[in-house]
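Numbering starts at 1 and runs along the sequence shown. For clarity, every value in this text was computed on a predicted model and none was experimentally measured.
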Amino acid sequence: MDESTFKPTLQQKQSLCMAYLAYSGESLIASSNGSQNVEKKILTLINKAILKIPVLYQPYNIDPDWKVVWGPAIYKFPNAILQDNMMFVAQQITQPSNYVVAIRGTNGLSVLDWVEEDFEVWDKVDWQFPSGRGVLPTPKIAEATNTGLDALLRHMTPKEGIPGHDQNITTFLGSITQKSGIDINITGHSLGGTLAATLALWFKQSQNIEPGWDPRGNASLCTTPFAGATPGDSNFKYYFNSLMGASCDKIHNTLDVVPHFWETATLNQIPGLYSKAKIQMTGIELALLEFIIEFITGYEQLEKSDPLTWKINASPEYNTFIEQAGYQHKNSYPNVLGVKSLLNAIKE
């Protein structure tokens, strides 16, 4: 499916907006005693950005149709200066049963985030099941993905003065599922896409359990992950598909490098991604890729039945492999999904 045949739904557009809004304020320094001020600044940035994105307006109105009801909550690794994770929850105003959980992708300015949550893929760890549940063979996920999931579930609680303060994400979602008819969509871009799918599975397997976040199964849970890398091995993929199935609307551009990581078959496709435009990898880039292919094995990407292929950007500013890859990973999604305003809405 290409740009001419892909017709994005409103939910897909709004999910992408929330995924990108999660990057708001990523360069803000999060000291150990000043995270509350950082969260307030990020919240202000998100609210201002919503006003600049028409797809987030109320129908036939210029008022915003979404409001932040939990978060933003941030997490940084010990001794880190910058934030390494951020997450927030938005609720639709005209349809208040609709919630979106938005997870930030990699903070490109944080070296620790790259190391701990993107590149710790040499080792895999067992997937964690609720007490008394499990499947064989045991699914495994990347150590990096497990680190990110642990941060989202156990180390992120909004501070006083922030919506949902003193509630972690599990407690908050449990509070809104006291009544039936709740729809929860978990989304994110890049690392956020990887974590969105993973977090959605964690909550899905934890439904209908006493005690639990949604013991009566009142919530309808889905995920819209954008541009995510592979979370785990083939057993994880099968387990994910068995529980999430059609509830996962995975969107990735086949010219985007990131979704090719970390499955061997798709890693081997990377050097030829832009061959039609005669854009090739440098010797250093190719050597690094060959090293990854040789030493990182056992991953299998979550399935997508309809691959989406955007166009190669022929502008001179994107005539190297790394520049074209950057465009395809970041700018192509808002352009193709028809929310170009998103690219200028997120300011610091």
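Partners of Thr198 under the side chain to side chain donor-acceptor pair (under 3.5 Å) rule, at least two apart in sequence or in another chain, do not exist in this structure. Applying the side chain to side chain donor-acceptor pair (under 3.5 Å) rule to His155 yields the partners Asp150; only residues at least two apart in sequence or on another chain are considered. Legend: residues meeting ring-ring contact (aromatic ring centres under 6.0 Å, His included) with Phe291, ordered by chain and number and at least two apart, are Trp122, Phe295. Contacts of Val336 classified as side chain to side chain contact (heavy atoms under 4.5 Å, CB included), with partners at least two apart in sequence or in another chain: Glu3, Phe6, Trp310.
Contact of the Ser190 side chain with the Tyr23 side chain is registered, since non-hydrogen atoms from C-beta on lie closer than 4.5 Å.
Note that OG1 of Thr157 and CD1 of Ile162 are 12.5 Å apart. Values are rounded to the nearest 0.5 Å. The CH2 atom of Trp66 sits 9.5 Å away from atom CD1 of Ile50, with the distance rounded to the nearest 0.5 Å.
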>> Apply side-chain contact (heavy atoms from CB on, under 4.5 Å) to residues Tyr75 and Met86 and explain how you reach the verdict.
In response: CA-CA 7 Å; Tyr75 172 73; Met86 192 274 272; over 6 Å; no
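The distance between the ring centers of Phe88 and Trp70 does not fall below 6.0 angstrom.
Hydrophobic clustering (ILVMFWY, side-chain heavy atoms < 4.5 Å, transitive): Ile270 and Leu286 are in one cluster.
Using a cut-off of 4.0 Å between Lys/Arg side-chain N and Asp/Glu carboxylate O, Asp126 and Lys140 are scored as salt-bridged.
Through side-chain heavy atoms spaced under 4.5 Å, either directly or across other Ile, Leu, Val, Met, Phe, Trp or Tyr residues, Tyr327 is tied to Tyr318.
Within the structure, no pair that satisfies the ring pair (Phe, Tyr, Trp, His ring centres under 6.0 Å) test touches residues 37-57, not counting sequence neighbours.
Between His189 and Tyr333, the ring planes lie perpendicular to each other; the angle is over 60°, past the 30° to 60° tilted range.
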